[in-house]
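One structure is given here, and the rest of the page talks about it.
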Amino acid sequence: MQKKPILWVNFWAAAIALASFSFAQEKPAEHAHHGAFMQGGMHHAAAKGVTLDSKVHSNAHSVTLRVGPMNLPANTDHMKMPQPPDLIWAVPFEGWLLAYHPKLADSNGNTIPGTTLHHTAFWNENRADFLCPNKEEHIFGAGSEMTDWAEMPGYGYHVQKGDKIRIETMVYNPTATSYDKVYLEVQIPYADNTGTLSSKHMILNVYPAWMDVASCENSGYDLPAGKSTKSGTVTVKYDGVLLGVGGHLHDYGRQVVLQNASRKETVATLDATVNAEGRLESVPVKLFLEDGGYKFAANDVLKISAAYDNPTGKLLRDGAMGIAVGYFVPANDKAMAALRRKAKPAHDMAAMSHDH
Ligand SMILES: [Cu+2]
C-alpha cells in the first residue's frame, strides 16, 4: 500500500489523520442519518429563516452550497435545538461531483467548531440507493469532525442536470459558547462534459455504499446504557468492488465491523478512538486498493455490527448509529441506471418542516 492508498486517505478525508496506515479518521466519513431521523418520526422544532444558497464557479469547476443562518445556543442537544428544514439543490449541469469539503463559519467567515454539526446528509432524490432502494441515494455526509471527502482522481459521482439533491442538516451545541448566524458551507469540485478535461472518458462512476446496522430502516436508534452491540444485514445486488471503507458512529461508539456473511469473511474491523468521556474522536478507514478493491458478488449478504459503551447510565434516545461507508464500483455500470427514479411531485415544504 503506497501511493494509491494515499489518494484514498485524502479522499476519505473522513478525517484521516494519516499515521502510517492506521488512518485515524475523524468521525468517519459519512453520516447517513438524517433522512432516517425524519422518517423515524422525530419532531424537532423548525429553525426559521434557514435557506440554501448555491454558487457555481464555472471557471474553477466548483460549486459552493451554503445553508444558514442558524443560531446555536450553548449547551443545547440535537433534540432541543431547532433544526433547519430540508433544502433542495437542483444540479445545474451534467457531470461528476468529485469531492466534498464541508466547513462551518459565521457570517464574518470565522470558523465555528465542527462539534456543533450533528451531521449533514445529501440525498439524490432522483435515484434509489443501490443497497437500500427504499431510500434515496445517499451521496455525502459529514458530522462533528467535519469529515472532508477529498478528490480521488479517476472517480466521481455522476449527476444529471436537474437532479434534486436533498440536504438535511442537524445541528447541536455541546459547548459552553453560543454561536449566532452560523452557516454550513460545502464546497464541491466537479467535472463536466464541457470542461477542459475530456472527463467523460476518464472518470469512473462510484456509488457511495452505506452499510447500516439498521439494515434499510432508519439509521438512528436508541442507545442503551452500558455496553451494547447492534447488527444488521444488507444484500448486494450487483457484482463490483468496494474500494475502501470507513465507519460512522456517534458518541460512545467503539467499533464498526463489516463482514461478508456469504463468504464468512471479515471485510474490515474499525476500532474507534474516544476521549476520556467516551465521546467519539475518530474511526479509521481501511482501503482495499492492493487487490483492486474488495470484491462483492451479487447476492452477497453483508453483516454490519456496531459496538457502543454508554457510560451515562441512561438510555440515549436516538443516540446511536452504526454505519460502514465505502465507495462501490460496479462491474457493470449500466445496471445502475435502473436506479433512476421518476420525477417526484413538487415538494411540499410545509409538510417537510413538520417532520422536523
Ligand atoms: Cu450519525
Side-chain angles (χ1 to χ4, degrees), residues 11-15 25 27-40 97 100 102 118-143 145 147 149 152 155 157-158 165-170 205-221 230-238 240-250 253 256-261 267-268 270 272 283-286 288 293-294 296 300-306 318 320-330 336 339 341:
F11 177 68
W12 284 103
Q25 156 200 7
K27 226 171 216 180
E30 4 291 317
H31 308 211
H33 354 75
H34 306 201
F37 279 130
M38 293 174 49
Q39 292 159 21
L97 307 185
Y100 306 88
H118 198 265
H119 50 231
T120 189
F122 287 22
W123 308 82
N124 189 340
E125 294 196 319
N126 297 90
R127 292 180 47 84
D129 187 84
F130 82 95
L131 288 172
C132 294
N134 59 310
K135 292 185 176 181
E136 293 164 356
E137 192 166 59
H138 190 184
I139 66 171
F140 164 70
E145 272 65 13
T147 297
W149 296 25
M152 185 177 57
Y155 294 96
Y157 172 73
H158 188 255
I165 307 299
R166 182 168 59 86
I167 298 173
E168 295 180 343
T169 304
M170 184 175 287
N205 292 333
V206 293
Y207 299 84
W210 297 74
M211 298 162 281
D212 198 316
V213 299
S215 297
C216 291
E217 302 300 315
N218 304 322
S219 299
Y221 62 94
K230 182 175 169 72
S231 298
T233 60
V234 292
T235 302
V236 185
K237 299 170 198 78
Y238 306 88
V241 298
L242 189 70
L243 296 178
V245 65
H248 174 62
L249 295 164
H250 286 185
V256 177
V257 180
L258 176 65
Q259 294 170 295
N260 186 326
V267 180
L270 307 172
V283 180
V285 170
K286 181 157 183 165
F288 311 113
Y294 181 94
F296 284 158
D300 275 357
V301 175
L302 308 179
K303 180 179 179 188
I304 311 97
S305 303
D318 207 44
M321 287 189 192
I323 306 173
V325 189
Y327 265 172
F328 181 70
V329 181
M336 308 300 266
L339 294 165
R341 290 175 167 177

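Worth saying up front: this structure is predicted, and the values here are computed from it rather than measured.
Note that CG of D129 and CD1 of I139 are 11.5 Å apart. Values are rounded to the nearest 0.5 Å. In this structure, F122 CZ and I165 CD1 are separated by 8.5 Å, a value rounded to the nearest 0.5 Å. Here L242 contributes atom CG and F296 contributes atom CZ; the two are 4.5 Å apart, rounded to the nearest 0.5 Å. Note that the CD atom of E137 and the CG atom of L131 stand 10.0 Å from one another [nearest 0.5 Å]. Annotation: the span from M170 atom CE to D318 atom CG amounts to 7.0 Å, rounded to 0.5 Å.
Between M211 and G326, the shortest heavy-atom distance links the atoms CE-N, 4.0 Å. Nearest heavy-atom pair, V213 versus A306, reported as atom, atom and distance to 0.1 Å: CG1-N, 3.5 Å.
A distance-only check finds a donor-acceptor pair linking the side chain of D212 to the backbone of A214 [under 3.5 Å]. A donor-acceptor contact shorter than 3.5 Å is absent between the side chain of N260 and the backbone of V267. A distance-only check finds no donor-acceptor pair linking the side chain of S305 to the backbone of S231 [under 3.5 Å]. Between the side chain of K303 and the backbone N or O of V234 there is no donor-acceptor pair closer than 3.5 Å.
A salt bridge links R166 to E136: at least one charged side-chain nitrogen sits closer than 4.0 Å to a carboxylate oxygen.
Looking only at side-chain heavy atoms (C-beta outward), R127 and Y207 come within less than 4.5 Å of each other. At a threshold of 4.5 Å between non-hydrogen side-chain atoms, the residues R341 and N126 do not count as touching. Between T120 and I167 there is a side-chain heavy-atom pair separated by less than 4.5 Å. Residues V245 and V325 form no side-chain contact, since every pair of their non-hydrogen atoms from C-beta on lies 4.5 Å or further apart. The shortest distance between side-chain heavy atoms of L302 and L258 falls below 4.5 Å. By the 4.5 Å heavy-atom criterion applied to side chains, Y238 and F328 are counted as neighbours.
Side chains of N124 and Y157: a donor on one and an acceptor on the other come within 3.5 Å.
Seen from the ring of F130, K237 does not count as a face-on cation partner, given the 6.0 Å and 45° thresholds.
When ring centroids are compared, Y100 and F140 come within the 6.0 Å threshold. Separation of the Y155 and Y327 ring centroids does not fall under the 6.0 Å cut-off.
Taking the six-membered ring for Trp and thresholds of 30 and 60 degrees, H138 and W210 have nearly parallel ring planes, at less than 30 degrees apart.
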- Query: Between I323 and V256, is a side chain to side chain contact (heavy atoms under 4.5 Å, CB included) present by the stated rule, with each step listed?
  - Reply: CA-CA 7 Å; I323 306 173; V256 177; over 6 Å; no
- Item | L270/K286 under side chain to side chain contact (heavy atoms under 4.5 Å, CB included): CA gap, chis, key distance, verdict | CA-CA 8 Å; L270 307 172; K286 181 157 183 165; 4.1 Å; yes
